[in-house]
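Counting begins at 1 with the first residue of the sequence. What you see below is based on every heavy atom in this structure, not just the backbone, and it leaves out hydrogens, waters and symmetry mates.
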Amino acid sequence: MAGSPYVFQSQYFAGDTRLEKCANNPAYDIRTPQSGAHVAKIHSALNIIRDAVRNGHSLPAPPAIAQIEIANKNYSASTAKSIKQYKRDRNIINYAYQQDADDIIGVMTIRYLDEELAAIEARHRAQIEPARDFLIEIDGDANLSGQDISGQPAAKITAAKFN
């Protein structure tokens, strides 16, 4: 494909060379009957999306994948069914040659999965990152009651530090 290579947005897919190939070259699509670590990441990604839906994510959840396929890292019937429904629900269809979603993970699908995972990761980070505390040191009247007897401010900030 022409242009710059796609760079994964999600931390989950980042650095996986097999998935990077899928995101950048149609010859590296993922389909039945493949197996391996890249398929296991697809299974996990679909489960992450399913969990996000249970926790308020607005898009529909893909169907569950058979445990035997997950255990063996196989792209078989239930993975294909889950991907097909995922693509239907999100309208991931190349209308140049398709009328309906298929069960193949190609360039469009892997990129969409990645972007959805990145959005879930961002929401998760926003929920768990603590508010930044800061310390202000005050020199003088700690009650900030006004002015001292000479008419000067009774207190001033001498230092501020973010933790």
Chemist: Say you draw a straight line from OG1 of Thr109 to CZ of Arg90; how long is it, rounded to the nearest 0.5 Å?
Modeler: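 Interatomic distance, Thr109 OG1 to Arg90 CZ, rounded to 0.5 Å: 11.0 Å.
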Chemist: Can you tell me how far the CD1 atom of Ile104 sits from the CD1 atom of Ile83, to the nearest 0.5 Å?
Modeler: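 Going from the CD1 atom of Ile104 to the CD1 atom of Ile83 covers 11.0 Å.
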Chemist: Rounded to the nearest 0.5 Å, how far apart are CZ of Arg50 and OG of Ser82?
Modeler: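 Nearest 0.5 Å value for the CZ-OG distance: 7.0 Å.
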Chemist: Minimum heavy-atom separation for Glu116 and Ile49, please, with both atom names.
Modeler: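 For Glu116 and Ile49, the tightest heavy-atom pair comes out as OE2-CG2, 3.5 Å.
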Chemist: Quick one: closest heavy-atom pair of Glu121 and Gln9, and the distance?
Modeler: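 Closest pair (atom of Glu121, atom of Gln9, distance): OE1-O, 4.4 Å.
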Chemist: Out of curiosity, Ile30 CD1 to Ile110 CD1, how far, rounded to the nearest 0.5 Å?
Modeler: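 Reported value, rounded in 0.5 Å steps: 5.0 Å.
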Chemist: If you look at every heavy atom in Pro63 and Gln85, which pair is closest and at what distance?
Modeler: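 That closest heavy-atom pairing would be CD-CB, 3.6 Å.
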Chemist: Measure from NZ or CZ of Lys41 to the centre of the six-membered ring of Tyr12 and say whether it is under 6.0 Å with the direction within 45° of the ring axis.
Modeler: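 Relative to the ring axis of Tyr12, which defines the angle, Lys41 lies inside both limits.
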Chemist: If you round to the nearest 0.5 Å, how far is OH of Tyr112 from CG of Leu117?
Modeler: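 Taking CG in Leu117 and OH in Tyr112, the distance rounds to 11.5 Å.
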Chemist: Is there side-chain contact between Lys21 and His38, with at least one heavy-atom pair below 4.5 Å?
Modeler: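 No; the side chains remain at least 4.5 Å from each other.
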Chemist: Where is the tightest heavy-atom contact between Asp102 and Gln98, given as atom of each residue plus distance?
Modeler: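 Residues Asp102 and Gln98, closest heavy atoms: OD2-NE2, 2.7 Å.
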Chemist: How would you list all residue pairs meeting salt bridge (Lys or Arg N to Asp or Glu O under 4.0 Å) that involve residues 25-39, not counting sequence neighbours?
Modeler: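 Output for this query lists Asp29-Arg31.
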Chemist: Looking at every non-hydrogen atom in both residues, tell me the closest pair between Ile42 and Ile105 and how far apart they are.
Modeler: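 Shortest heavy-atom contact: CG2-CD1, 3.5 Å.
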Chemist: Give the C-alpha distance, both sets of side-chain angles, the deciding distance and a yes or no for side chain to side chain contact (heavy atoms under 4.5 Å, CB included) between Leu113 and Leu19.
Modeler: CA-CA 11 Å; Leu113 277 166; Leu19 295 179; over 6 Å; no
Chemist: Tyr86 and Ile92: which non-hydrogen atoms are nearest, and at how many Å?
Modeler: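 In terms of heavy atoms, the two residues are closest at CE2-CD1, 3.7 Å.
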Chemist: Under 4.5 Å between side-chain heavy atoms, counting indirect links through other Ile/Leu/Val/Met/Phe/Trp/Tyr residues: same cluster for Val107 and Tyr75 or not?
Modeler: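 No: no chain of side-chain contacts under 4.5 Å links Val107 to Tyr75.
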Chemist: Considering residues, nucleotides and ligands other than Tyr28, do more than 12 of their heavy atoms fall under 6.0 Å from its OH?
Modeler: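 Count not over threshold, so no.
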Chemist: Are Ile93 and Lys87 close enough that some pair of their side-chain heavy atoms sits under 4.5 Å apart?
Modeler: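 They are not in side-chain contact.
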Chemist: Could you state the interatomic distance from CG (Asn24) to CZ (Arg111), rounded to the nearest 0.5 Å?
Modeler: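 Interatomic distance, Asn24 CG to Arg111 CZ, rounded to 0.5 Å: 5.5 Å.
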